[in-house]
Amino acid sequence: SSGINAEYGHGCEDGALISRQLPLPSIFKAPIRPDVVHFVHSNIAKNHRQAYAVSKEAGHQTSAESWGTGRAVARIPRVRGGGTHRSGQGAYGNMCRSGRMFAPTKTWRKW
């Protein structure tokens, strides 16, 4: 036969285990460098990142228009209409509640 036992995967005909000592490579006696471990671990972790982004329409899903000057309020666009708390509130701006964020995240960012 070929000399390799299919069941045990070693080079003995009768299936007996082979025991022998091999010298440990000298690299295994070197001290572990925490800086290298940290560098490798943190960079391998980057392989599992997934792209994320906010919706393209986020913060612009309302009709709003600026009131212009002369009303003693900021010139930010304001929600149209009446009869609800939302009307007259600032809209669209990144400083407004329910407005769009500054520089919305994109999926084509360099991940």
Margin query: So Met95 and Phe102, do their side chains get closer than 4.5 Å, heavy atoms only?
Written below: no

Notebook entry, point to check: Hey, does Ile76 have a side-chain heavy atom less than 4.5 Å from the side chain of Trp67?
Noted result: no

Margin query: For Thr107, give me all partners under side-chain contact (heavy atoms from CB on, under 4.5 Å), at least two apart in sequence or on another chain.
Written below: Ala51, Ala53

Checklist line | side-chain contact (heavy atoms from CB on, under 4.5 Å) involving Ala58 - partner list, sequence neighbours excluded | finding: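 Checked Ala58 against side-chain contact (heavy atoms from CB on, under 4.5 Å); matches are Ser55.
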
Next item on the list: Just do the salt bridge (charged side-chain N to carboxylate O under 4.0 Å, His left out) check on Arg78 and Glu65 with the steps written out, would you?
Entry: CA-CA 5 Å; Arg78 296 179 181 276; Glu65 194 175 358; over 6 Å; no

Next item on the list: Answer yes or no: are there more than 12 heavy-atom neighbours, outside Arg97 itself, under 6.0 Å from its atom CZ?
Entry: no

Margin query: If we ignore hydrogens and angles and just use 3.5 Å, is the side chain of Ser66 paired with the main-chain N or O of Gly68 as donor and acceptor?
Written below: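 Yes, Ser66 side chain to Gly68 backbone: donor-acceptor pair under 3.5 Å.
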
Check: Is a donor on one side and an acceptor on the other found under 3.5 Å between the side chain of Ser87 and the backbone of Arg80?
Finding: no

Item checked: Those residues that, when tested against Phe28, pass ring pair (Phe, Tyr, Trp, His ring centres under 6.0 Å) (two or more places apart) -> none

Run the side-chain hydrogen bond (donor to acceptor under 3.5 Å, both in side chains) test against [X] and tell me which residues pass, sequence neighbours left out.
X: Arg86; result: Gln89
X: Asp35; result: Arg33
X: Arg100; result: His60

Note to self: On a heavy-atom basis, which atom in Ala91 and which in Cys96 lie closest, and how many Å separate them?
What the structure shows: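 Closest approach of Ala91 to Cys96, heavy atoms only: N-SG, 3.8 Å.
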
Notebook entry, point to check: What are the two closest non-hydrogen atoms of Val54 and Thr105, and how far apart are they?
Noted result: N-OG1, 3.1 Å

Margin query: Do Ile27 and Leu24 sit in one hydrophobic cluster, given that two such residues count as connected whenever their side-chain heavy atoms are within less than 4.5 Å of each other, even indirectly?
Written below: yes

Notebook entry, point to check: So how far is it from Tyr92 OH to Ser63 OG, rounded to the nearest 0.5 Å?
Noted result: 6.0 Å

